[in-house]
Amino acid sequence: MADHVTPGVVNAPAVLTELCDHAARWRPGVPAHVVNLSLLPHTPEDLDMIARVLGRGHATILSRGYGNCRIEATGTPHVWRVRYYNSMDTLILDTIEVTDVPEVACAAREDIADSATRLAEICTALAAVEPPA
């Protein structure tokens, strides 16, 4: 990792060591390990190095509720970048999580049950529609 360090990098090597260690030891059922970048001192060069070393994954999940949450897979297995934005689209929380899937991306049981009920209602309504002649 030392060959990736550029001028201006301060805390990225320590953060990356922590993340890569947890990613290497990740197993199903292990609670998520979260690094809160919003609370850590960092430079733009730190963020660039973290992004470069972790790489880009192939999945992005957008969650909209009281604000917006952008969840991006990194190129490092089980490592996710999770960013929360307020209604003015201002970044309010920036984290990196080592987990199978970040909890914020998972629907609550109540939401799944509500969706199942709504889908059943739609299926009933569609079944009642006569096909065109």
Side-chain angles (χ1 to χ4, degrees):
M1 195 174 345
D3 56 331
H4 295 294
V5 177
T6 59
V9 170
V10 179
N11 287 321
V15 170
L16 286 164
T17 297
E18 178 180 346
L19 290 169
C20 291
D21 178 60
H22 280 274
R25 293 185 293 119
W26 180 88
R27 298 290 177 266
V30 172
H33 179 76
V34 180
V35 173
N36 185 339
L37 295 175
S38 298
L39 296 178
L40 292 175
H42 55 71
T43 64
E45 293 84 2
D46 282 320
L47 296 179
D48 289 344
M49 181 178 177
I50 290 168
R52 185 175 66 248
V53 172
L54 294 178
R56 293 195 71 183
H58 298 288
T60 298
I61 302 167
L62 300 175
S63 174
R64 302 189 194 290
Y66 297 110
N68 293 324
C69 181
R70 184 177 184 94
I71 306 153
E72 297 174 295
T74 70
T76 304
H78 310 295
V79 180
W80 299 80
R81 183 77 178 265
V82 182
R83 292 182 245 191
Y84 299 84
Y85 299 85
N86 66 14
S87 60
M88 301 297 292
D89 208 31
T90 301
L91 182 64
I92 57 173
L93 180 61
D94 189 2
T95 65
I96 300 177
E97 299 187 16
V98 180
T99 186
D100 187 25
V101 176
E103 189 173 330
V104 70
C106 300
R109 289 186 187 274
E110 296 83 9
D111 292 335
I112 293 172
D114 183 52
S115 294
T117 300
R118 290 178 189 219
L119 286 171
E121 291 169 356
I122 290 169
C123 288
T124 300
L126 289 174
V129 175
E130 291 187 33

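Bear in mind that the values here come from a model prediction, so they are computed numbers and not experimental data.
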[X] and [Y]: same hydrophobic cluster, using ILVMFWY side-chain contacts below 4.5 Å?
| X | Y | result |
| --- | --- | --- |
| Val53 | Leu19 | yes |
| Val34 | Leu40 | no |
| Ile92 | Val82 | yes |
| Leu47 | Val35 | yes |
| Val98 | Leu37 | yes |

Minimum heavy-atom separation for [X] to [Y], with atom names?
| X | Y | answer |
| --- | --- | --- |
| Ile50 | Val15 | CD1-CG1, 3.9 Å |
| Ala12 | Met49 | CB-SD, 3.8 Å |
| Ala23 | Pro77 | CB-O, 3.9 Å |

* Could you point out which residue of Asp94, Thr60, Thr95 forms a side-chain contact (heavy atoms from CB on, under 4.5 Å) with Arg81? => Asp94

* Asked: Short question: side chain of Thr74, backbone of Val79 - any donor-acceptor pair under 3.5 Å?
  ->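 Present.
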
* Any sub-3.5 Å donor-acceptor pair from Asn11's side-chain atoms to Pro41's backbone N or O? ->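 Answer holds: yes.
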
So, do [X] and [Y] sit near enough that their side-chain heavy atoms are less than 4.5 Å apart?
| X | Y | answer |
| --- | --- | --- |
| Trp80 | Glu72 | no |
| Ile122 | Leu126 | yes |
| Thr43 | Val9 | no |

How far does [atom1] of [X] sit from [atom2] of [Y], to the nearest 0.5 angstrom?
| X | Y | atom1 | atom2 | result |
| --- | --- | --- | --- | --- |
| Tyr84 | Ser38 | OH | OG | 10.5 Å |
| Ile71 | Leu62 | CD1 | CG | 8.0 Å |
| Thr76 | Arg56 | OG1 | CZ | 13.0 Å |

* To do: Using a strict 4.0 Å threshold on nitrogen-to-oxygen distance, state whether Arg25 and Asp21 make a salt bridge.
  => yes

* Under the salt bridge (charged side-chain N to carboxylate O under 4.0 Å, His left out) rule, what do Asp114 and Arg118 come out as? Steps first, then yes or no, please. => CA-CA 6 Å; Asp114 183 52; Arg118 290 178 189 219; 3.1 Å; yes

With a cut-off of 3.5 Å and sequence neighbours excluded, list every side-chain donor-acceptor pair involving residues 99-113.
none

* To do: Only pairs at least two apart or in different chains count here, so list each ring-ring contact (aromatic ring centres under 6.0 Å, His included) that has a residue in residues 30-60.
  =>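 Listed once each, the pairs are His22-His33.
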
* **Steps toward side-chain contact (heavy atoms from CB on, under 4.5 Å) verdict (Leu16, Leu54)** => CA-CA 8 Å; Leu16 286 164; Leu54 294 178; 3.9 Å; yes

